[in-house]
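Each residue takes its place number in the sequence, starting with 1. Quick caveat, the model's predicted, so the values are computed rather than measured.
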Amino acid sequence: GFRFDLAPVMGRDRNGTFDPQAPFFRAVASDPVLAGVKFIAEPWDLHPSSPDQSGRFPSGWAEWNGRFRDDVRSFVKGDGGTAGRMGCRLTGSADIHPRPDHKPSRSVNFVTCHDGFTLFDLFAYDVKHNDSNGEQGRDGTDDNRSWNCGVEGPSLDPLVCELRKRLSESLVSTLLFSRGVPMLMAGDEMLRTQRGNNNAYCQDNEVSWVDWSCLDRYGYFVDFVGKLIRLRRAHPVLRGLRYAEGKDHDCDMVADIEWYGALLEKQAHPSPPRWNEPETRSLAFRLDGSECPHPDGTPDEDIFVVLNPHHQECFYPIPSLPTGSAWLVLLDTSLPAGREWHDEPARLDGAAPNVRINPRSVLLAISG
């Protein structure tokens with residue numbers, strides 16, 4: 001397929017207004033060869049009157065989802081008031097793609113791309129460092145939604161390194177657990193750095209090259225990302241292909257997701273998340289595998305996920321399962337590097353009313 005940079009330029013009329021039915025789009029749709037090709041739009045533009053055309057491209061086109069990038073970065077960094085937007089992003093961004101013919105697969109989800117910080121640099125730099133670009137720091141965005149974890153640039157402090165590990169794992173886990181088409185930038189799977197440069201296109205040197213020695217330093221992360229991809233491939237419920245009718249809050253939600261809010265002090269019963277309150281800094285949800293069967297028709301397992309990017313621990317109710325079934329923990333990113341995935345799944349204590357989630361971590365359990 002093809003991805004078009006600044007794609008709205010192909011749909012401008014003589015006045016510069018974007019038209020989803022422009023001649024180029026009609027020609028592509030009617031061509032017997034091109035009609036079956038994957039087309040991906042970068043939906044923002046340089047035109048001052050229409051800088052973002054997300055959700056407006058014709059049926060059959062997919063679109064880079066810049067709001068996914070921004071909202072997930074803010075949530076994982078621990079910003080308050082972002083839970084409501086995270087609910088939208090996790091379920092395919094129906095608020096951006098509201099038409100009846102739209103599906104979550106229209107949304108190309110990403111947390112990094114060739115523009116901006118790498119995954120490693122997101123949690124190693126508070127600000128861009130584009131000194132070698134010759135633009136006196138004026139180039140590159142200032143809206144990075146990054147956090148250096150207390151030290152600007154490389155660090156050997158074990159506490160800083162552990163925090164950066166957890167945040168990087170949380171970001172890529174959220175990407176792979178979200179509905180839509182996930183996109184990874186080359187080198188992020190082994191935590192390559194651009195030394196804080198967030199506009200490295202003009203640097204044909206070690207800043208922009210892929211440093212394969214990262215495989216030696218961060219081999220555990222390559223394995224971590226590979227297991228996330230295999231998990232998503234094995235479970236259709238993580239790749240839900242539809243939206244639901246009705247609303248859970250201010251964004252359409254799919255019917256096979258059950259949401260949980262963190263348990264508050266003296267709270268006797270679980271409740272939905274308080275979506276738009278600043279203090280809501282974690283989310284949990286259960287995916288109903290029976291709603292997304294395997295290709296042979298057998299139901300998928302249920303999956304329970306807790307995302308806790310906050311610096312404090314939290315507690316969530318353990319969802320009920322039929323008698324004889326149990327929740328098996330496959331992933332806990334609060335564990336040391338290389339041990340996040342359980343070779344022998346650990347059972348959640350069925351006798352306990354809730355589960356404790358460590359700070360800055362992700363937990364995933366599967367029914368079994």
**Student:** Taking the side chain as everything from C-beta on, heavy atoms only, tell me whether Cys214 gets closer than 4.5 Å to Leu191.
**Tutor:** no
**Student:** Could you work out the complete set of other residues in the hydrophobic cluster of Trp212, with links drawn between I, L, V, M, F, W and Y side chains under 4.5 Å apart?
**Tutor:** Met190, Val210, Leu215, Val222
**Student:** List for me each residue that meets side-chain hydrogen bond (donor to acceptor under 3.5 Å, both in side chains) alongside His310, sequence neighbours excluded, and say none if there are none.
**Tutor:** none
**Student:** Hey, does the side chain of Arg85 reach the backbone of Asp71 with a donor-acceptor pair shorter than 3.5 angstrom?
**Tutor:** no
**Student:** Could you check, using the six-membered ring where one of them is a Trp, whether Trp147 and Phe123 have ring centers closer than 6.0 angstrom?
**Tutor:** no
**Student:** Run the side-chain hydrogen bond (donor to acceptor under 3.5 Å, both in side chains) test against Thr298 and tell me which residues pass, sequence neighbours left out.
**Tutor:** Asp296
**Student:** Does anything in residues 278-299 form a ring-ring contact (aromatic ring centres under 6.0 Å, His included)? List the pairs, not counting sequence neighbours.
**Tutor:** Trp259-Phe285
**Student:** Could you pull out all residues at least two apart from Trp61 that satisfy ring-ring contact (aromatic ring centres under 6.0 Å, His included)?
**Tutor:** Phe4, Phe25, Phe39, Phe57
**Student:** With sequence neighbours excluded, tell me which residues meet side chain to side chain contact (heavy atoms under 4.5 Å, CB included) with Ser334.
**Tutor:** Arg166, Asp332, Asn358, Ser361
**Student:** Decide yes or no on side chain to side chain contact (heavy atoms under 4.5 Å, CB included) for Arg164 and Ser155, but give the supporting numbers first.
**Tutor:** CA-CA 10 Å; Arg164 290 177 176 177; Ser155 175; 4.0 Å; yes
**Student:** Can you sort out the partners of Ser146 under side chain to side chain contact (heavy atoms under 4.5 Å, CB included), two or more places apart, ordered by chain and number?
**Tutor:** Phe117, Leu122, Asn144
**Student:** Check whether any side-chain heavy atom of Arg195 sits under 4.5 Å from a side-chain heavy atom of Glu206, and report yes or no.
**Tutor:** yes
**Student:** Does a side-chain N-to-carboxylate-O contact under 4.0 Å join Glu162 and Arg360?
**Tutor:** no
**Student:** Please tell me if the side chains of Lys227 and Glu340 come closer than 4.5 Å, counting only heavy atoms from C-beta onward.
**Tutor:** no
**Student:** With a 4.5 Å heavy-atom cut-off, do Leu231 and Leu238 have their side chains touching?
**Tutor:** yes
**Student:** Is it possible for you to check whether Arg67 lies under 6.0 Å from the centre of the six-membered ring of Trp44, through NZ or CZ, and within 45° of that ring's axis?
**Tutor:** no
**Student:** Strictly by salt bridge (charged side-chain N to carboxylate O under 4.0 Å, His left out), give each pair with a member in residues 119-136 just once, sequence neighbours left out.
**Tutor:** Lys128-Asp142, Glu135-Arg138
**Student:** Name all residues meeting the ring-ring contact (aromatic ring centres under 6.0 Å, His included) criterion together with Tyr316; count only those two or more places apart in sequence or in a different chain, and write none if there are none.
**Tutor:** none
**Student:** Can you confirm whether more than 12 heavy atoms, excluding those of Arg347, are under 6.0 Å from its CZ atom?
**Tutor:** no
**Student:** Listed by chain and number, what are the ring-ring contact (aromatic ring centres under 6.0 Å, His included) partners of Phe68, not counting sequence neighbours?
**Tutor:** none
**Student:** Under the side chain to side chain contact (heavy atoms under 4.5 Å, CB included) rule, collect the residues that match up with Val127, sequence neighbours excluded.
**Tutor:** His129, Glu152
**Student:** Could you check if a side-chain atom of Leu167 sits within less than 4.5 angstrom of a side-chain atom of Lys77, using non-hydrogen atoms only?
**Tutor:** no
**Student:** For Arg356, look at atom CZ and say whether over 12 heavy atoms of other residues, nucleotides or ligands are found less than 6.0 Å away.
**Tutor:** yes
**Student:** Do the side chains of Val160 and Val76 join up, straight or via other hydrophobic residues, at under 4.5 Å, putting them in one cluster?
**Tutor:** no
**Student:** Does the Asn133 side chain pair with the main chain of Asn199, one donor and one acceptor, at a distance under 3.5 Å?
**Tutor:** yes
**Student:** Output a table of donor-acceptor pairs, distance under 3.5 Å, between side-chain atoms of residues 317-329 and any protein atom two or more places apart or on a different chain; print 'none' if there are none.
**Tutor:**
from: Trp327; atom 1: NE1; to: Pro319; atom 2: O; distance (Å): 2.7

